[in-house]
Amino acid sequence: MPLTLATWNINSVRLRAPLVERLLREHAPDILCLQECKSPVDKMPLAQFAEMGWTHAVARGQKGYNGVAILSRHPIEDAGHIDWCGRGDARHVAARLACGAVIHNLYIPAGGDVPDPEVNDKFAHKLAFLEELRAWGRDSAPARSILVGDLNIAPRPDDVWDHRALLKVVSHTPVEVDALGAAQEAGGWVDVTRADIPEGPLYSWWSYRARDWAASDRGRRLDHIWASGDLAAAACDSRILRDVRGWAQPSDHAPVMARFDL
DNA sequence: ATGGTGGTAAAACCA
């Protein structure tokens with residue numbers, strides 16, 4: 001069974017519900033994982049997505065911050081979440097499909113501006129989150145699993161517009177990149193996007209602050225699709241929907257897509 | 001070196 005999946009940091013699901021509808025209409029992923037919904041669950045416009053055919057959804061929300069949702073055209077058999085760092089943040093939701101595949105939708109903390117956990121609590125939180133992700137991967141040995149989301153780290157030199165310039169910028173510092181790599185290795189996760197597109201620059205986020213985001217193209221690959229080792233060979237057709245960043249009143253993130261032949 | 005934009009929600013916080 002082919003399963004298409006997209007992940008997208010929507011930066012307010014209420015404000016950008018029309019963009020979600022357009023993505024569903026034009027690209028029709030079986031599964032759409034959203035982050036930064038910035039809404040309590042009962043105020044997310046899930047009913048209007050259900051009317052379009054994405055009749056199954058699981059979400060976790062809080063007002064103003066965080067918030068994640070999984071929209072599905074296929075039944076969700078079970079759902080759950082992990083309370084990373086014990087803060088009660090809506091940064092993770094998981095869904096199990098009838099075929100047995102488990103989808104993990106993650107929103108890793110951005111980490112603030114200063115890449116020093118001694119002086120920046122947000123960066124300390126990010127590193128603690130990554131350490132919990134590593135321990136979870138090690139202990140749970142994920143199988144038949146897909147992990148997606150805004151991981152807020154661009155791991156490779158060609159995942160940013162200027163590797164040298166960004167070595168001290170949160171999202172690309174060696175300490176974060178190493179911590180993400182350790183988490184990936186501990187869970188046996190395969191970076192599906194890079195397995196499919198191994199060469200060259202690849203971005204999923206461009207700052208709102210650029211005068212012309214497309215012309216300057218100062219992007220970073222912050223949004224990822226990972227698969228457990230047993231599913232990696234089933235993944236194909238990876239792409240980043242760069243054009244979506246150019247839609248009217250856009251999110252600062254573009255959707256990342258892949259197909260799994262399960 | 002700095003400031004640049006955007007969302008939430010009502011001044012400041014977060015990205």
Side-chain angles (χ1 to χ4, degrees), chain A residues 7-23 33-46 59-69 84-85 87-92 105-117 119-130 148-155 159-162 164-173 175-177 179-180 203-224 240 242-256:
Chain A
T7 178
W8 193 12
N9 179 318
I10 192 62
N11 189 16
S12 175
V13 72
R14 280 187 276 178
L15 186 69
R16 282 185 246 287
L19 273 67
V20 174
E21 288 198 6
R22 182 173 171 188
L23 186 84
C33 296
L34 299 171
Q35 305 88 34
E36 276 210 271
C37 294
K38 294 186 172 178
S39 171
V41 173
D42 61 3
K43 292 188 175 175
M44 293 183 189
L46 302 177
R60 297 188 56 239
Q62 58 192 100
K63 64 175 170 55
Y65 303 109
N66 303 326
V68 287
W84 305 95
C85 301
R87 296 184 176 219
D89 285 346
R91 292 184 177 273
H92 177 231
N105 180 13
L106 266 183
Y107 175 49
I108 291 182
D113 289 329
V114 181
D116 180 351
V119 300
N120 176 6
D121 291 343
K122 293 181 207 164
F123 196 71
H125 179 209
K126 185 177 199 175
L127 294 181
F129 195 111
L130 288 163
V148 310
D150 179 1
L151 306 188
N152 265 314
I153 294 169
D159 289 337
V160 294
W161 66 278
D162 185 333
R164 284 176 57 86
L166 287 171
L167 279 171
K168 293 182 177 176
V169 174
V170 171
S171 73
H172 193 60
T173 65
V175 62
E176 300 164 76
V177 169
L180 186 68
Y203 312 140
S204 67
W205 174 89
W206 295 260
S207 173
Y208 283 125
R209 296 175 187 174
R211 296 176 184 206
D212 184 334
W213 71 272
S216 57
D217 200 21
R218 296 184 167 191
R220 307 177 199 171
R221 189 171 71 101
L222 304 181
D223 303 274
H224 300 266
I240 296 183
R242 181 187 172 107
D243 290 355
V244 173
R245 180 61 177 79
W247 288 358
Q249 206 172 16
S251 167
D252 45 354
H253 294 252
V256 181

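In what follows, every chain begins at residue 1, and chains take the letters A, B, ... in the order their sequences are listed. These values consider heavy atoms only, across backbone and side chains, with no hydrogens, waters or symmetry-generated copies. No experiment lies behind these values; they were computed from the predicted model shown.
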Next item on the list: Could you work out the separation of B/dA15 and B/dA9 based on their P atoms and round it to a whole Å?
Entry: 15 Å
Margin query: If you count every heavy atom of other residues, nucleotides or ligands that lies below 6.0 Å from A/D113 atom CG, does the total exceed 12?
Written below: no
Note to self: For Watson-Crick and G-U wobble pairs within 3.5 Å on both distances, what is DNA chain B written in dot-bracket notation, | included for inter-strand pairing?
What the structure shows: ....((((...))))
Check: Side chains of A/Y203 and A/D217: does their closest heavy-atom pair fall under 4.5 Å?
Finding: yes
Notebook entry, point to check: Looking just at side-chain N and O atoms, do A/K38 and A/N11 make a donor-acceptor pair shorter than 3.5 Å?
Noted result: yes
Notebook entry, point to check: Any side-chain heavy-atom pair from A/L15 and A/Q249 closer than 4.5 angstrom?
Noted result: yes
Next item on the list: Go along nucleotides 7-15 of chain B 5' to 3' and tag each nucleotide: B for a protein heavy atom under 4.0 Å from its base, S when only backbone or sugar atoms are that close, - otherwise.
Entry: SSS---BSB
Next item on the list: Kindly check if the number of other-residue, nucleotide or ligand heavy atoms within 6.0 Å of CZ (A/R242) is above 12?
Entry: yes
Next item on the list: Check whether the ring centres of A/W84 and A/H92 lie less than 6.0 Å apart, and answer yes or no.
Entry: yes
Item checked: Nearest-Å distance for atom pair NZ/C1', residues A/K168 and B/dA1 -> 14 Å
Checklist line | Donor + acceptor pair across side chains of A/Q35, A/T7 (<3.5 Å) | finding: yes
Check: What integer number of Å spans the C1' atoms of B/dA10 and B/dC14?
Finding: 15 Å
Next item on the list: State whether A/D89 and A/R87 are salt-bridged, where the test is any N-O pair (Lys NZ or Arg NE/NH1/NH2 against Asp/Glu carboxylate O) under 4.0 Å.
Entry: no
